[in-house]
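Worksheet: the structure to be examined is printed underneath.
By convention in this document, chain letters (A, B, ...) are assigned in the order of the sequence lines, proteins followed by strands, and residues within each chain are numbered from 1.
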Amino acid sequence: MITITLKDGSIKTYEPGITVLEVANDISTGLAKNTLAGELNGKLVDVRQSITEDSTLNLLKFEDEGGKHAFWHTGSHLLAQAIKRLYPQVKLAIGPAIDNGFYYDIDIDVIITPEIMEKIEKEMGKIVKEGLALNRYELSRDEALAKVNKEGEIYKAELIENLPEDAIISFYSQGEFSDLCAGPHIQNLSPIKAIKLLSLAGAYWHGDEKNKMLQRIYGITFPKKSQLEEYLTLLEEAKKRDHRKLGKELDLFSLHEEGPGFPFFHPKGVIVRNELENFWRQEHQRRGYQEIKTPTILNSDLWKRSGHWDHYKENMYFTEIDESEYAIKPMNCPGGMLVYKTKGHSYRDLPLKMGELGLVHRHELHGALHGLMRVRAFTQDDAHIFMTPDQIEEEVIKVIDLADDIYKIFGFSYKVELSTKPENSIGSDEVWETATEALRKALEKKGIDYRINPGDGAFYGPKIDFHLEDSLGRTWQCGTIQLDFQMPELFDLNYIGPDGEKHRPVIIHRTIFGSIERFFGIIIEHFAGKFPVWLAPVQVMIIPVADAHHDFAKDIAAELSAIGIRTSVDTRDEKLGYRIRDAQMQKTPYMLVVGDKEAAGGDLALRVRDSGDVSLISLEDLKKKLTEKIITKSLTLD
RNA sequence: GCUGAUGUGGCUCAAUUGGCAGAGCAGCUGAUUUGUAAUCAGCAGGUUAACGGUUCAAGUCCGUUCAUCAGCUCCA
């Protein structure tokens with residue numbers, strides 16, 4: 001007999017070889033029905049998996065990540081089955097579950113149109129009605145290859161050939177359809193009650209642009225119709241938050257054909273940017289950073305020396321001055337190196353922290369451009385920390401803390417990644433190993449969960465990245481901490497140690513916002529345009545009831561402006577309701593309606609953006625309230 | 001860069017099978033003087049992304065380029 005420890009801590013004994021599903025069934029038939037996959041000793045497994053030794057088992061439902069995963073993976077098989085029924089000539093590539101649904105990459109001689117997608121969706125519905133059960137079976141490598149070759153599934157054949165020697169090769173079948181798949185899958189197609197094919201895109205086989213472009217169909221399925229409706233509503237909501245749309249509506253920035261990827265910031269957008277930058281400066285000064293500015297255009301020799309010429313050239317813009325070649329900076333570091341070298345340094349100066357809000361230009365592929373999130377010119381909130389090797393861990397931790405402090409102000413959650421040595425890199429493996437280990441140690445010391453992103457480091461060193469999420473659930477890299485042993489060598493940087501000898505410093509390159517532009521885009525979506533008071537371009541809109549109250553309104557505005565509150569008066573000859581609506585749609589945090597009562601010395605009628613509530617408040621109390629909200633960078637208006 | 005889609009006043013969108021480019025909002029002018037999410041009237045605004053082609057006639061069909069969107073690739 002074996003013992004199985006369940007999630008609630010209860011322990012059950014069974015014959016060895018019992019399956020996950022049988023365990024679920026033993027507990028209750030209802031649970032068995034809702035069990036989509038299992039987590040056996042921490043590993044995601046199929047419900048058909050048999051258990052042969054003492055184990056811990058978690059039964060996963062749709063509410064669990066692993067359960068969703070199995071459900072959607074089966075969705076992708078259903079999609080493939082439907083396509084195969086309609087177009088038997090199709091060649092299937094891969095069809096995984098993703099965070100929100102699934103996709104299948106297919107190679108087919110017809111161009112999939114929205115009409116065809118509808119047809120496929122209908123076919124999927126029909127197949128579900130057949131109530132097919134899924135079966136798992138294993139084949140030897142030779143048998144598997146023979147099977148897929150017979151079917152003409154060239155992509156599957158390639159997948160099998162690339163599987164490791166000892167891999168178990170499993171297939172899942174449902175009715176006439178079967179697919180190479182590691183699983184897990186759900187038991188039966190009937191729980192799929194709602195199906196939606198969402199979008200269509202091209203995707204290279206193996207993600208390599210040298211390979212054939214396949215057609216990728218994205219879809220999602222749910223056990224309940226209402227869940228699909230909710231999901232579609234969520235997508236609509238997310239679209240409303242799109243920073244490109246809000247940027248236009250709130251008059252923050254614009255993009256023009258004349259400068260693809262080069263955003264134009266309007267007066268209101270510049271206010272927000274400036275607030276972000278002021279906040280940044282304040283937080284950095286407080287932590288001993290100094291600020292520098294380095295030029296945008298620098299001689300090519302510098303870029304050759306820094307390694308950018310060899311490792312970053314395809315992303316750089318060039319120009320010529322007096323017959324010499326110059327480059328427009330894609331990064332701030334080489335300029336920072338030159339500043340460091342302008343004088344000698346003692347170990348007593350270290351760590352030396354030099355920040356720079358530097359405008360960099362990078363040639364991004366035109367298909368990659370995306371609003372403010374992905375541009376060709378952006379301001380990095382850069383800083384270089386020059387330090388002794390034994391200061392590394394402490395300084396990395398300080399940067400992690402700084403990032404956390406800054407993200408907290410906005411109420412962001414984030415994910416952390418550790419990126420290791422890329423192919424196109426400089427420096428020895430030993431140095432890379434030391435640097436990567438230092439970053440890992442810092443993360444572990446802070447107890448931060450992180451994911452390894454192999455081969456994604458900068459060409460000069462490994463990095464820790466902070467990823468923030470946008471309204472559509474896409475994540476964007478913002479902060480980054482990069483450890484660099486190369487630039488100090490290349491630029492022959494040194495400091496005089498306590499021993500009176502020259503030593504090599506180590507550098508941390510780091511950003512918190514990453515790019516002011518991207519961060520701006522993310523906060524627009526994060527707040528849905530409803531900025532907290534400290535960031536709002538107009539903090540108070542004063543709306544006089546009639547012309548007779550204009551002077552009084554302007555007096556109040558002057559009082560508020562005098563203490564630094566961004567105040568406007570809407571003197572347009574429109575009805576009150578119209579101007580309130582306008583201020584509301586501009587997402588102005590506070591509105592003051594002033595008329596006879598206020599002019600006669602009464603309290604002010606304050607309307608709050610989020611609640612629409614109106615309350616009376618004296619001018620003095622209002623000043624106090626607003627000042628407090630602004631200084632504390634409060635996320636609420638109340 | 002690749003695959004697919006899209007491109008009409010500042011914005012959102014109309015315009016049968018090719019047949020006089022139109023509306024709402026925003027803007028301007030006037031009337032109205034308003035108490036918490038849209039007052040009324042008038043005016044103005046377009047080489048239909050650009051260039052080329054087919055046609056008696058092109059927003060509409062064809063070609064090229066550009067930009068945008070969804071992905072891929074890449075990345076802050």
Would you indicate what [X] reaches in the nucleic acid, counting non-hydrogen atoms under 4.0 angstrom: base, sugar-phosphate, or nothing?
X	answer
A:Lys463	sugar-phosphate
A:Glu517	nothing
A:Arg216	sugar-phosphate
A:Tyr578	sugar-phosphate
A:Glu574	base
A:Phe513	nothing
A:Ala583	nothing
A:Arg572	sugar-phosphate
A:Lys597	base
A:His256	nothing
A:Gly595	base
A:Asp456	sugar-phosphate
A:Gln477	sugar-phosphate
A:Val360	nothing

If you assign each of A:Glu257 and A:Arg362 to its closest nucleotide in RNA chain B, which residue comes earlier from the 5' end?
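Between the two, 5'-proximity favours A:Glu257.
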Residue mapping more 5' on RNA chain B - nearest nucleotide basis, A:Gly514 or A:His549
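Taking each residue's closest nucleotide, the earlier one in sequence belongs to A:His549.
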Euclidean distance, atom [atom1] of residue [X] to atom [atom2] of [N] [Å, nearest integer]:
X	N	atom1	atom2	answer
A:Asp547	B:U34	CG	P	10 Å
A:Phe552	B:U33	CZ	P	23 Å
A:Leu606	B:U36	CG	P	16 Å

Over 60° means perpendicular and under 30° means parallel, so classify the ring planes of A:Phe519 and A:Phe513, tilted if in between.
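A:Phe513 vs A:Phe519 ring planes: tilted.
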Return the orientation label for the A:Tyr104 and A:His77 ring planes: parallel under 30°, perpendicular over 60°, tilted otherwise.
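If you compare the ring of A:Tyr104 with that of A:His77, the planes turn out tilted.
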Would you say that more than 12 heavy atoms from the other residues, nucleotides or ligands in this model lie under 6.0 Å from the NZ of A:Lys196, or not?
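Counting other residues, nucleotides and ligands, NZ of A:Lys196 stays at 12 neighbours or fewer.
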Phosphate oxygens OP1/OP2 of B:A70: is one of them under 4.0 Å from a side-chain N or O of A:Arg244?
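For A:Arg244, the contact criterion (side-chain N or O under 4.0 Å from OP1 or OP2 of B:A70) is met.
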Does A:Lys248 place a side-chain N or O at less than 4.0 Å from the phosphate oxygens OP1/OP2 of B:U12?
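Checking A:Lys248 against B:U12: at least one side-chain N or O falls below 4.0 Å of OP1 or OP2.
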I'd like the [atom1] distance from [M] over to [N], given in whole Å.
N	M	atom1	answer
B:G53	B:U60	C1'	15 Å
B:G4	B:U16	P	27 Å
B:U8	B:A14	P	10 Å
B:U33	B:U39	C1'	11 Å

Determine whether a donor-acceptor pair (one donor, one acceptor, N or O, separation below 3.5 Å) exists between the side chain of A:Arg607 and the base of B:A37.
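Present.
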Would the base of B:G35 count as contacting A:Glu598 through its side chain, where contact means a donor and an acceptor less than 3.5 Å apart?
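Looking at the base of B:G35, it does pair with a donor or acceptor on the side chain of A:Glu598 (distance under 3.5 Å).
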Euclidean distance, A:Asp382 CG relative to A:Ile512 CD1, rounded to 0.5 Å
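Going from CD1 on A:Ile512 over to CG on A:Asp382, the span is 10.5 Å.
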